[in-house]
Structure formats: C-alpha cells, structure tokens
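Both counts, for ligands and for their atoms, begin at 1 and track the order of listing. Quantities reported herein were computed from a predicted structural model and do not represent experimental measurements.
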Amino acid sequence: MSARLIDGKAVAQTIQVGLQARIAERASRGLKAPALATVLVGEDPASQIYVRNKRRTCETLGIRSVPIHLDAGIDNAELLATIDRLNADDSVDGILVQLPLPRQLDATTVIERIRPDKDVDGFHPYNLGRLAQRLPTLRPCTPYGVIELLRSTGESFHGKRAVVVGASNIVGRPMGLELLLAGCTTTVCHRFTRDLAAEVARAEIVVVAVGKPGLVRGEWIAPGATVIDVGMNRNADGSLSGDVEFAPAAERAAWITPVPGGVGPMTVTMLMSNTLKAAESRAA
Ligand SMILES: Nc1nc2c(c(=O)[nH]1)N[C@@H](CN(C=O)c1ccc(C(=O)N[C@@H](CCC(=O)O)C(=O)O)cc1)CN2
Ligand SMILES: [Mg+2]
C-alpha cells in the first residue's frame, strides 16, 4: 500500500477537544450548556447504537443530552407534535430525528417541521438551500465531516476535479455542494451515469457514498488521487467494508480513508459542532 491513511478517529478527536474547550469557556462565562434533543422512534438495533453514541458524545463534551424515545407504532401527527414541542422549547438548541423512520412515518414531512435554526443534521431544505447559495449555516454532518478530513491532509482542493459517487439527499448531493463551495470542479455520479469507471478515473478527489461493497474498483483510481469512502457495509462475518476495493485502491491513491475509522467518527463530531453553533447563534 502506498497511500497515506486519513485517520478519521484522530481528526474527530482533535475537533472534539476544541469543541469541549469552547463549551467549557461558555460555561465559565455563565452561559448554559448547549442542549441536543435526540429523537429515536422504535427499536432498530443500529439506530439504537448510533443514538446512544450521540448521547454519550454529548455528555463527554459538556452538551446537555435530551433523550426522547417514541414507540415504533406512533403516527405522523404524534411525531410532529413532539417536534413542535421541541421547536418551542427555548432550552433546546438542536433537534435530531434518527433515520430511518418506521415505514408509516414520512421523513420529509418530519425534517421540514424542524425549525431550521435547530436542524443540527442540516437536512432541512432551508439549510441545504443556504449551502447551495454559498452561505452555509447548519451543514449536513457527513459531507461537512468529509471536508474536514480533506482539510486534514493539508492538500489544497482549489480547482481539483472531484467526483462524488452516489446522489442521496443525506450525503451525495450535499457533498457535491460542499466540494463546489471548496473550489472543486465537481461531478456527481448516480445510477444513470453511463461510464462510472471513466468518471472515477478522471478524479483527483473521489467520494463514494452508495452502500454497495466494492462498487468502485481499485484499478479505476487515478494515481495520486484522494479517496474518501463513506460506504459502510456489514459482511457475513460481521466485519465492515466500504464501497471502494480498499487494497488495490490504496496501491494507487495518495490518500485514502479506512472503513471503519474514516468518515464514520466525523458524522457524530460534526453533529456536536452544529449543536454548539446552533447554541451560539441563538444566544447572539
Ligand atoms: N438523523 C440522522 N440519521 C442518520 C444519520 C445521520 O447523520 N443523521 N447517519 C446514519 C447513521 N449514523 C448516524 O446517525 C452513523 C453511522 C455510522 C457511524 C460510524 O461511526 N461508523 C463507524 C463504524 C461503526 C461500526 O463499527 O458499526 C465507522 O465508520 O468508523 C456514525 C454515525 C443514518 N442515519
Ligand atoms: Mg418512511
């Protein structure tokens, strides 16, 4: 392997130390701790783990965690009433509804109900629109985390050819907007892209977020490229792998993220960063 690893755990830890210091400094000025409400609906095992991790990270950093657990069988009206209550609660700075939701619930309606200035996931159309206008406010956590990982390499991204593989609302599309904002010439590929191999081969920065193990072949990677793998796929033996064929890609790339330990730890860290930002702008 010739590529250098981008250590998401280490970058996340460095950012968290900075957040912890800023939160402690606020407390020393008599300001209340930022507060994050995490709404979990039902018992999905993976969601339970992610939400527990978010709540624990809040406690570590000095953010007040407001845990809300709703029954799997609730209807839209009940979930919207919970959002309305949290929207109106002045002691709550950030609101997060863990996805995916049970089938009977409509995630779009729920996300649009969250007050944009409390939408610490950055999923509300207002926050996405601000990002599209180069006026980012609360930025979607995973793409924002990828930008921080790219920054951590010390390489400039101005004018670079960036290719995003995957066009989801949560990762691929906002990732394209983030890379555009960072000065990259940006292409977003999706299921109708005619020649994915050719698009990837042109890229100096490749971000892959599809959820198909090994979709991006190592031989497609341009020598010297930076490869960010957002994919997280569970193998039959319980281990995790990304969307990129890691070993052959690492032979060609200059920088690459591992899975796990690459993008994953950044998502929760940027959520904490958004929560502090939401608290700061509410106080302003
Ligand atoms: N409301 C939201 N729902 C969901 C989001 C989100 O950002 N907001 N993202 C995902 C799940 N997710 C956080 O919620 C998340 C997934 C994975 C990780 C992570 O740290 N992964 C580790 C590996 C973990 C493991 O071993 O299983 C890694 O990649 O290193 C963090 C957050 C969907 N829902
Ligand atoms: Mg649904």
### Query
How far is atom 31 (C) of ligand 1 from its nearest protein heavy atom, and which residue and atom is that?
G264 O, 3.5 Å
### Query
Any idea which part of M266 is under 4.0 Å from ligand 1, heavy-atom wise: side chain, backbone, both or neither?
neither
### Summary
heavy-atom search around atom 4 (C) of ligand 1 in the protein gives Q98 NE2, 3.5 Å
#### Entry: Single-linkage hydrophobic cluster I256~W220, side-chain heavy atoms < 4.5 angstrom
yes
### V244 versus A249, closest heavy-atom pair with distance
CG1-CB, 3.6 Å
### Task
Show which atoms of ligand 1 fall inside a sub-4.0 Å distance from at least one heavy-atom site of P260.
23 (C), 28 (C), 29 (O), 30 (O)
### Query
Quick one: do the T257 and D229 side chains pair a donor with an acceptor below 3.5 Å?
no
### Summary
If you scan protein heavy atoms around atom 17 (C) of ligand 1, the nearest is Y50 CE2, 3.3 Å
### Query
What do you reckon, does T142 put a non-hydrogen atom under 4.0 Å from ligand 1?
no
### Query
Among all protein non-hydrogen atoms, which one is nearest to atom 22 (C) of ligand 1, and what is the separation to 0.1 Å?
M232 SD, 4.0 Å
### Task
Provide the number and element of each atom of ligand 1 under 4.0 Å from a heavy atom of R234.
27 (O)
### Query
Taking the non-hydrogen atoms of C141, is any one of them nearer than 4.0 angstrom to ligand 1?
no
### Query
Where is the nearest protein heavy atom to atom 34 (N) of ligand 1: which residue, which atom, and how far?
L99 O, 2.9 Å
### Message
Could you check whether R202 pairs with D195 (Lys NZ or Arg NE/NH1/NH2 to Asp/Glu carboxylate O, under 4.0 Å)?
### Response
no
### Query
Tell me: protein heavy atom nearest atom 14 (O) of ligand 1, and distance?
K54 NZ, 2.6 Å
### Query
I221 and V200: which non-hydrogen atoms are nearest, and at how many Å?
CD1-CG1, 4.0 Å
### Query
When rounded to the nearest 0.5 angstrom, what distance separates CG in L177 from CZ in R134?
11.5 Å
#### Entry: V97, any N or O under 3.5 Å of ligand 1 N or O
yes
### Task
Report yes or no: do L180 and V146 belong to one cluster of Ile/Leu/Val/Met/Phe/Trp/Tyr joined by side chain heavy-atom distances under 4.5 Å?
no
#### Entry: Sub-4.0 Å heavy-atom contact, L240 with ligand 1
yes
### Task
Indicate yes or no: does E59 engage R55 in a salt bridge with an N to O separation below 4.0 Å.
no
### Message
Is atom 10 (C) of ligand 1 near the protein, in the sense that some protein heavy atom lies at less than 4.0 Å from it?
### Response
no
### Task
With D243 as reference, evaluate V230, V259, N233 under the side-chain contact (heavy atoms from CB on, under 4.5 Å) test and give the passing residue.
N233
### Query
For atom 7 (O) of ligand 1, which of D229, I95, T267 has the closest heavy atom?
T267
### Query
Say you draw a straight line from CG of D89 to CG of D84; how long is it, rounded to the nearest 0.5 Å?
12.5 Å
#### Entry: Nearest protein heavy atom with distance in Å, relative to atom 8 (N) of ligand 1
D121 OD1, 3.0 Å
### Message
Can you confirm whether more than 12 heavy atoms, excluding those of R173, are under 6.0 Å from its CZ atom?
### Response
no
### Message
Any atom of ligand 1 sitting under 4.0 Å from a heavy atom of K9?
### Response
no
## Note on the structure
heavy-atom search around atom 30 (O) of ligand 1 in the protein gives G261 N, 2.6 Å
